[in-house]
Amino acid sequence: MPTKKYIRFIDSDYSTLFHLPDGGHVRITYPDGRQLDRVCRFLDECHTQVGNSIYHIREFAEQMERGGAKYEPLDYIREPEFYRRYFFAAVGTSKGPAYYIIDETETHGFAFAPKGARKGQKYCVFKILETTPGRKQIGSVIHWGGTLRDIRPQDWGFDAKKIKAVTQKPKTQSGPER
């Protein structure tokens with residue numbers, strides 16, 4: 001049975017920026033505003049093919065930084081199981097369903113429960129606490145929502161495109177096949 005492969009994109013300090021599914025697209029934006037979209041292929045944990053070129057992941061990061069280019073995902077990993085799991089208690093100390101942490105900022109995180117959440121609690125925004133310098137932990141939920149409209153992830157600084165891609169089912173084509 002084939003396992004899914006994910007490409008890790010980093011900066012030159014090896015900090016993870018994002019992951020792409022094998023065959024996903026990355027957009028490279030150069031300082032002059034020119035943009036290139038490239039298909040990426042997983043080769044191994046440290047190597048990827050971007051367009052027609054093969055890179056060590058740090059080599060790609062260094063080359064982009066030297067040229068002043070930025071890079072961002074155009075495709076997102078849709079499987080919730082890829083993301084970190086946490087059990088938020090909606091009431092008192094009871095154990096809630098499994099929530100998957102889809103996005104984080106310095107101070108907040110966004111999570112959703114694909115199954116088992118109470119009505120109005122499918123999505124949540126929680127605090128991220130810095131316990132000691134450089135160490136962070138998940139804090140309490142500060143906002144619950146039953147829809148993305150209730151939460152408004154973009155207002156919290158989260159990547160709304162990523163959240164929608166992961167939490168919403170893809171639209172299926174209706175009508176006759178051709």
Side-chain angles (χ1 to χ4, degrees), residues 1-87 98-115 123 125-126 128-138 148 153-154 156-173:
M1 183 164 128
T3 59
K4 296 189 180 200
K5 296 178 176 147
Y6 305 108
I7 305 162
R8 180 175 159 226
F9 282 82
I10 62 171
D11 61 19
S12 60
D13 293 326
Y14 277 96
S15 296
T16 300
L17 300 175
F18 59 89
H19 287 83
L20 273 185
D22 185 25
H25 293 77
V26 68
R27 173 167 289 157
I28 303 167
T29 304
Y30 293 94
D32 64 4
R34 184 172 43 107
Q35 294 182 329
L36 296 174
D37 297 348
R38 295 289 183 249
V39 174
C40 301
R41 300 279 177 212
F42 177 91
L43 300 177
D44 63 35
E45 295 298 321
C46 295
H47 297 87
T48 187
Q49 181 176 342
V50 179
N52 293 324
S53 302
I54 295 174
Y55 297 95
H56 182 279
I57 58 175
R58 185 170 184 204
E59 174 190 13
F60 178 78
E62 289 172 339
Q63 184 173 329
M64 294 296 107
E65 288 173 14
R66 272 194 309 273
K70 305 288 182 202
Y71 42 104
E72 63 183 323
L74 293 180
D75 298 305
Y76 299 96
I77 298 169
R78 295 180 180 271
E79 298 81 17
E81 298 76 22
F82 171 81
Y83 300 95
R84 193 164 47 131
R85 191 169 71 164
Y86 192 81
F87 294 90
Y99 281 80
Y100 294 90
I101 299 171
I102 305 303
D103 202 10
E104 294 179 50
T105 65
E106 285 293 313
T107 57
H108 296 92
F110 174 90
F112 96 109
K115 297 183 240 172
Y123 306 101
V125 174
F126 58 92
I128 295 178
L129 308 171
E130 189 166 7
T131 54
T132 59
R135 289 194 53 96
K136 296 185 180 209
Q137 75 178 36
I138 294 171
L148 288 179
Q154 64 277 8
W156 295 87
F158 300 123
D159 184 340
K161 285 192 257 179
K162 176 183 180 184
I163 289 169
K164 188 173 180 182
V166 177
T167 63
Q168 307 294 300
K169 291 181 181 163
K171 293 188 175 164
T172 57
Q173 293 283 67

What heavy-atom pair brings [X] and [Y] nearest, and what distance separates the two atoms?
{"X": "Thr48", "Y": "Ile7", "result": "OG1-CG2, 3.5 Å"}
{"X": "Ile128", "Y": "Glu104", "result": "CD1-OE1, 3.2 Å"}
{"X": "Pro114", "Y": "Ala98", "result": "CD-O, 4.0 Å"}
{"X": "Leu148", "Y": "Gln168", "result": "CD1-NE2, 3.5 Å"}
{"X": "Ser12", "Y": "Glu62", "result": "CB-CG, 3.8 Å"}
{"X": "Gln137", "Y": "Thr131", "result": "OE1-CG2, 3.1 Å"}

**Study point:** Student check: side-chain heavy atoms of Tyr76 and Ile163 closer than 4.5 Å
**Key:**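 Answer no - side chains too far apart.
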
Point to revise | Check: Arg78 and Val166 side chains under 4.5 Å, non-hydrogen atoms | key: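 No, every pair of side-chain atoms sits at 4.5 Å or beyond.
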
When rounded to the nearest 0.5 angstrom, what distance separates [atom1] in [X] from [atom2] in [Y]?
{"X": "Ile101", "Y": "Tyr99", "atom1": "CD1", "atom2": "OH", "answer": "12.0 Å"}
{"X": "Leu74", "Y": "Ile28", "atom1": "CG", "atom2": "CD1", "answer": "10.0 Å"}
{"X": "Thr29", "Y": "Lys70", "atom1": "OG1", "atom2": "NZ", "answer": "10.0 Å"}
{"X": "His108", "Y": "Asp103", "atom1": "NE2", "atom2": "CG", "answer": "13.0 Å"}
{"X": "Lys5", "Y": "Asp44", "atom1": "NZ", "atom2": "CG", "answer": "10.0 Å"}
{"X": "Lys164", "Y": "Ile102", "atom1": "NZ", "atom2": "CD1", "answer": "15.5 Å"}

Review point. If you count the non-hydrogen atoms of other residues, nucleotides and ligands that lie under 6.0 Å from CZ in Arg85, is the total more than 12?
Key: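 Not more than 12 within 6.0 Å, no.
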
Review point. Any chance CD of Glu106 has more than 12 other-residue heavy atoms, nucleotides or ligands included, within less than 6.0 Å?
Key: no

Review point. Using 4.0 Å as the upper bound for N to carboxylate O, is an ion pair formed by Glu72 and Lys161?
Key: no

Review point. So, the side chain of Gln49 versus the backbone of Gly51: is there a donor-acceptor pair under 3.5 Å, distance only?
Key: yes

Qualifying residues under ring pair (Phe, Tyr, Trp, His ring centres under 6.0 Å), relative to [X], sequence neighbours excluded:
{"X": "Phe18", "answer": "Phe9"}
{"X": "Phe126", "answer": "Phe88"}
{"X": "Phe82", "answer": "Tyr6, His19"}

**Study point:** Lys4 and Glu81: CA distance, side-chain angles, deciding distance, salt bridge (Lys or Arg N to Asp or Glu O under 4.0 Å) verdict
**Key:** CA-CA 11 Å; Lys4 296 189 180 200; Glu81 298 76 22; over 6 Å; no

**Study point:** side chain to side chain contact (heavy atoms under 4.5 Å, CB included) evaluation trace for Val50 with Tyr71
**Key:** CA-CA 11 Å; Val50 179; Tyr71 42 104; over 6 Å; no

Exercise for review: Could you please spell out the steps behind the side chain to side chain contact (heavy atoms under 4.5 Å, CB included) verdict for Phe110 and Thr105?
Suggested key: CA-CA 9 Å; Phe110 174 90; Thr105 65; over 6 Å; no

Check your understanding: Any salt bridge (Lys or Arg N to Asp or Glu O under 4.0 Å) pairs touching residues 8-30, not counting sequence neighbours?
Key ->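 Matches after skipping sequence neighbours: Arg27-Asp37.
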
Check your understanding: Can you list every ring pair (Phe, Tyr, Trp, His ring centres under 6.0 Å) pair that touches residues 31-55, not counting sequence neighbours?
Key ->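 Listed once each, the pairs are His47-His56, Tyr55-Phe60.
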
Practice item. Evaluate the side chain to side chain contact (heavy atoms under 4.5 Å, CB included) criterion for residues Tyr83 and Ile77: first the C-alpha distance (whole Å), next the side-chain angles of each, then the deciding distance (0.1 Å), finally the verdict. Key: CA-CA 9 Å; Tyr83 300 95; Ile77 298 169; 3.7 Å; yes

Review point. For Asn52, what residues pass the side chain to side chain contact (heavy atoms under 4.5 Å, CB included) criterion, not counting sequence neighbours?
Key: none

Practice item. Apply side chain to side chain contact (heavy atoms under 4.5 Å, CB included) to Val125 and Phe158, showing your working. Key: CA-CA 10 Å; Val125 174; Phe158 300 123; 4.1 Å; yes

